[in-house]
Trainee: 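Dumping the structure here so I can ask a few things about it.
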Amino acid sequence: MAEQLYENRELSWLRFNERVLEESEDERTPLCERLSFISIFQTNLDEFFMVRVGSLHDEMLLKDNAKENKTKMTAEEQLEAIRERVKELTKRKDVSYANLMGRMEGEDIHLINFQKLDEKQGAYLQTYFEQEIMPLLSPITVSKKQPFPFIKNNEICAVAVLTPKNSKAKNPKTRIGIVPCNNGMFRRLIQIPGSKGYFMLAEELILHFLPSVFQGYHIVSKSLIRVTRNADIDADKVYDEELNYRDHMAEVIKQRRKLTPIRMEYTRDLDKQVLTQMKNFLKIDKDMIFKTKSPLDLSFVFDIQDILRQKSELFFEKRIPQRSPMLDETKPLLPQIAEQDKLLSYPYESIRPFLNMLHEAANDPDVVSIKMTLYRLAKQSKVVEALVEAAENGKQVDVLVELKARFDEENNIEWSRMLESAGCHVIYGLDGLKVHSKLCLITRKTGDGVQYITQIGTGNYNEKTARLYTDVCLMTADEKIGAEAARVFQALSLGEVMKTTEHLLVAPRCLQNKVIDKIEREIQIVKDGGEGYLGFKLNSLTDKKIIDKLIEASKAGVKIEMVIRGINCLRTKVPGKTDHIRTVSIVGRYLEHSRIYIFGKGSREEMYISSADFMTRNTVRRVEVAAPIYDSALKDRLRAMFRTQLADNVKAREQQADGSYPYVEHEEPAINAQEELYVEAYNAVGTALPGTEGAVVEE
């Protein structure tokens with residue numbers, strides 16, 4: 001059956017998050033870092049429910065039985081499959097969490113409950129609760145005069161089943177009491193004085209003292225709950241023409257906070273009748289109610305990490321982004337880029353040269369304009385600082401700020417206001433299309449004419465994530481690339497998209513089709529007796545047109561190698577169909593984020609870096625840019641990086657024909673691609689790598 005070649009998008013994503021969970025179980029990973037991974041697993045799952053499950057929920061309500069285009073599953077079938085996988089993964093998460101916290105006791109960190117307290121500790125906590133927490137609580141009992149309260153998205157609440165103390169009825173009527181537990185006014189991780197390393201979570205403290213909160217009632221049963229709300233709202237569909245676009249997006253954010261609940265989690269046994277009442281109050285599917293044994297929000301583990309920070313053996317070895325050997329930061333950068341194309345590789349190399357380039361351009365008398373697309377920014381953005389500086393120095397600064405960058409809308413709204421107040425020209429994207437490209441164009445006017453300096457990257461202009469995500473950044477003075485980048489910005493300012501390109505690949509009109517044409521070329525090479533080759537490094541692969549062309553290429557005998565971190569809807573190693581395709585996924589210390597496309601080998605090899613995954617949302621529903629790599633030295637470097645990742649046998653998992661991802665069989669020597677690339681970055685500038693004894697290669 002054709003379906004065996006495809007993997008459902010949502011189930012493939014759950015496989016990816018399972019790989020994240022595996023990192024919390026991996027004994028080779030330092031203990032405190034394993035805590036990070038279990039928290040990341042949980043926050044990933046939260047966002048998955050808010051966005052993807054929320055979207056499927058809306059689709060199911062339409063009752064049109066539409067089927068997704070690869071595995072032909074309806075929304076209802078997908079939701080059922082998701083529920084089963086989430087139940088499996090939740091149990092596995094609970095086991096991993098219990099194991100990690102058990103190990104924490106060996107490091108003198110104890111997260112305890114009232115069963116483990118002595119009398120003195122219990123007395124302190126009671127006093128602490130009565131003085132520091134209880135006055136700040138807002139309890140409510142649900143009745144005819146007290147309707148069920150609004151529960152915020154992912155807010156932890158204590159829930160109690162109550163019966164009146166003064167009731168003389170043989171079977172008194174129960175009611176539900178609810179207490180929000182994380183209002184931000186008290187610490188969540190409470191240290192118990194006189195007991196170093198002993199802590200309790202605030203919600204557990206509140207849950208224990210519910211009898212003090214509901215003094216007129218008996219507590220029949222109690223639990224902590226957390227509700228996840230649908231966050232999938234189409235900003236364009238609800239556009240209010242009475243508001244300017246920025247104010248409209250602010251209203252969209254407010255609406256999202258009130259969307260339909262789609263999941264409830266709880267930590268203690270509750271009567272089925274009560275669960276039914278909660279289901280009815282929240283109008284939530286009974287199958288979307290999950291029991292968990294671990295805390296409902298694991299973000300407190302980062303507080304535990306801070307306490308243990310001095311125990312370096314519990315963390316990854318320290319790694320610092322290195323200076324790039326391609327650039328001399330003691331000299332002006334723009335002339336160096338004009339002389340030869342430059343490539344930065346994050347987090348192995350520092351983002352500093354790019355930031356310095358922006359500041360240099362802001363103060364260069366020959367620079368007339370800076371144009372830039374912004375998607376996600378750091379909280380204190382040095383990129384914005386440079387753009388403001390340029391505008392204040394009289395440069396023409398045109399900035400496209402994407403206000404629909406999910407969960408970063410508020411941040412971007414504030415940055416757009418700051419940029420406007422500094423004199424920048426700010427636009428907000430195109431109707432129906434997100435602008436996801438990472439594109440910067442500096443235009444200089446000299447006695448020799450107009451000069452373009454173009455920067456194209458795979459990752460956001462974000463100094464924080466540049467230390468955590470693997471990305472690459474091209475800086476070039478190539479006139480043809482610069483002229484085409486100028487056309488991209490002109491189209492954006494006019495609310496249009498690029499209809500033709502010669503050098504750049506620009507979605508939505510000039511990327512998917514060109515990628516397919518280049519794959520077709522490799523198919524023809526094989527048919528003509530040559531050796532076809534395709535190499536891709538991506539975050540996700542879901543675009544069915546590209547997937548089907550890759551299947552065709554594999555059948556023809558084209559060798560295909562892919563490094564795909566997350567979603568992959570194409571099953572490889574299927575005999576006679578995809579057995580010429582090898583796909584690995586690397587989940588490790590850093591988030592693999594760079595996108596690299598390689599078409600062909602030898603003299604006909606074409607190589608691109610891009611902001612676009614091979615997902616339909618990227619290839620036909622966003623403005624994305626892929627830049628060609630023309631410099632042979634940069635090609636060699638990117639190719640070597642790609643080969644290193646394919647050789648990983650420590651953090652790489654290889655996809656099998658059934659869609660599973662076992663670890664690559666370990667062979668000596670062990671190769672951790674991310675660590676290898678850091679070694680290369682340190683060696684390239686003659687710096688000793690912390691935690692290693694190996695000799696340093698001279699520059």
Trainee: Taking side-chain hydrogen bond (donor to acceptor under 3.5 Å, both in side chains) as the definition, give me every residue that meets it alongside Glu484, ordered by chain and number, with sequence neighbours left out.
Mentor: none

Trainee: Indicate yes or no: at least one non-hydrogen side-chain atom of Met562 is less than 4.5 angstrom from one of Ile581.
Mentor: yes

Trainee: For the residue pair Asn154 / Thr228, report whether a side-chain donor-acceptor contact shorter than 3.5 Å exists.
Mentor: yes

Trainee: How about Glu592 and Asn539: does a side-chain donor come under 3.5 Å of a side-chain acceptor?
Mentor: no

Trainee: Quickly, which of Ile547, Leu550, Ile551 forms a side chain to side chain contact (heavy atoms under 4.5 Å, CB included) with Leu5? Name it, please.
Mentor: Ile551

Trainee: Can you confirm whether more than 12 heavy atoms, excluding those of Lys545, are under 6.0 Å from its NZ atom?
Mentor: no

Trainee: Can you tell which of Lys651, Arg15, Arg19 makes a side-chain hydrogen bond (donor to acceptor under 3.5 Å, both in side chains) with Ser585?
Mentor: Arg19

Trainee: Check the pair Arg617 / Asp543 against salt bridge (charged side-chain N to carboxylate O under 4.0 Å, His left out), numbers first and verdict last.
Mentor: CA-CA 8 Å; Arg617 75 178 189 189; Asp543 186 315; over 6 Å; no

Trainee: Within a 6.0 Å radius of atom CD on Glu76, are there more than 12 heavy atoms belonging to other residues, nucleotides or ligands?
Mentor: no

Trainee: If we ignore angles and hydrogens, is there a donor and acceptor under 3.5 Å between the side chains of Gln655 and Thr572?
Mentor: yes

Trainee: Are Arg565 and Phe16 in a cation-pi contact, defined as NZ or CZ under 6.0 Å from the six-membered ring centre and within 45° of the axis?
Mentor: yes

Trainee: Could you work out, with side-chain hydrogen bond (donor to acceptor under 3.5 Å, both in side chains) as the rule, every residue matching Glu680, not counting sequence neighbours?
Mentor: none

Trainee: Give a yes or no on this: more than 12 heavy atoms of other residues, nucleotides or ligands lie within 6.0 Å of atom NZ of Lys635.
Mentor: yes

Trainee: By the ring pair (Phe, Tyr, Trp, His ring centres under 6.0 Å) test, which pairs, at least two apart or in different chains, include something from residues 562-590?
Mentor: Tyr590-Tyr678

Trainee: Around Glu496, counting heavy atoms of other residues, nucleotides and ligands shown, do more than 12 lie under 6.0 Å from its CD?
Mentor: yes

Trainee: Looking at Tyr533, does the NZ or CZ of Lys601 lie under 6.0 angstrom from its six-membered ring centre and within 45 degrees of the ring axis?
Mentor: yes

Trainee: Mind checking what makes ring pair (Phe, Tyr, Trp, His ring centres under 6.0 Å) contact with Phe48, not counting sequence neighbours?
Mentor: Trp13

Trainee: Counting the benzene-type ring for Trp, do Tyr461 and Tyr375 have ring centres under 6.0 Å apart?
Mentor: no

Trainee: Are a donor atom and an acceptor atom from the side chains of Tyr630 and His503 found within less than 3.5 Å of each other?
Mentor: yes

Trainee: Just wondering, are more than 12 heavy atoms of other shown residues or ligands nearer than 6.0 Å to NZ in Lys573?
Mentor: yes

Trainee: Would you kindly check if the NZ (Lys) or CZ (Arg) of Arg595 is within the cone defined by 45 degrees around the ring axis of Phe536 and under 6.0 Å from the six-membered ring centre?
Mentor: no

Trainee: Tell me if the aromatic rings of Phe614 and Tyr597 count as close, with their centers under 6.0 Å from one another.
Mentor: yes

Trainee: With Asp58, which residues qualify under salt bridge (charged side-chain N to carboxylate O under 4.0 Å, His left out), at least two apart?
Mentor: none

Trainee: Does the side chain of Met73 come within less than 4.5 Å of Lys67's, by heavy atoms?
Mentor: no

Trainee: Under a 3.5 Å cutoff, is there a donor and acceptor pairing between the side chains of Ser12 and Glu7?
Mentor: no

Trainee: Can you name the side-chain hydrogen bond (donor to acceptor under 3.5 Å, both in side chains) partners of Arg621, sequence neighbours left out?
Mentor: none

Trainee: Is the closest side-chain donor-acceptor distance between Thr373 and Lys438 under 3.5 Å?
Mentor: no

Trainee: State, without any angle test, whether Lys70 and Asn8 hold a side-chain donor-acceptor pair at a distance under 3.5 Å.
Mentor: no

Trainee: Apply salt bridge (charged side-chain N to carboxylate O under 4.0 Å, His left out) to residues Arg639 and Glu605 and explain how you reach the verdict.
Mentor: CA-CA 11 Å; Arg639 194 184 310 109; Glu605 178 189 62; 2.7 Å; yes

Trainee: Counting only heavy atoms not in Gln490, do more than 12 fall under 6.0 Å of its CD?
Mentor: no

Trainee: Do we see a donor-acceptor contact under 3.5 Å between the side chains of Asp478 and Thr476?
Mentor: no

Trainee: Please check if atom CD in Gln656 has more than 12 non-hydrogen atoms from other residues, nucleotides or ligands closer than 6.0 Å.
Mentor: yes

Trainee: Is there a donor in the side chain of Tyr6 and an acceptor in the side chain of Asp548, or the other way round, less than 3.5 Å apart?
Mentor: yes

Trainee: Could you tell me whether Arg85 and Glu10 make a salt bridge, using a distance below 4.0 angstrom between a side-chain N and a carboxylate O?
Mentor: no

Trainee: Output, in order, the C-alpha distance, side-chain angles, deciding distance and verdict of salt bridge (charged side-chain N to carboxylate O under 4.0 Å, His left out) for Lys93 and Glu18.
Mentor: CA-CA 9 Å; Lys93 182 248 314 184; Glu18 181 179 21; over 6 Å; no

Trainee: side-chain hydrogen bond (donor to acceptor under 3.5 Å, both in side chains) with His593: which of Asp613, Thr458, Asp471?
Mentor: Asp471

Trainee: If you count every heavy atom of other residues, nucleotides or ligands that lies below 6.0 Å from Lys342 atom NZ, does the total exceed 12?
Mentor: yes

Trainee: Judged by atom type as modelled, is there a donor-acceptor pair below 3.5 Å linking the side chain of Asp631 to the main-chain atoms of Ala633?
Mentor: yes

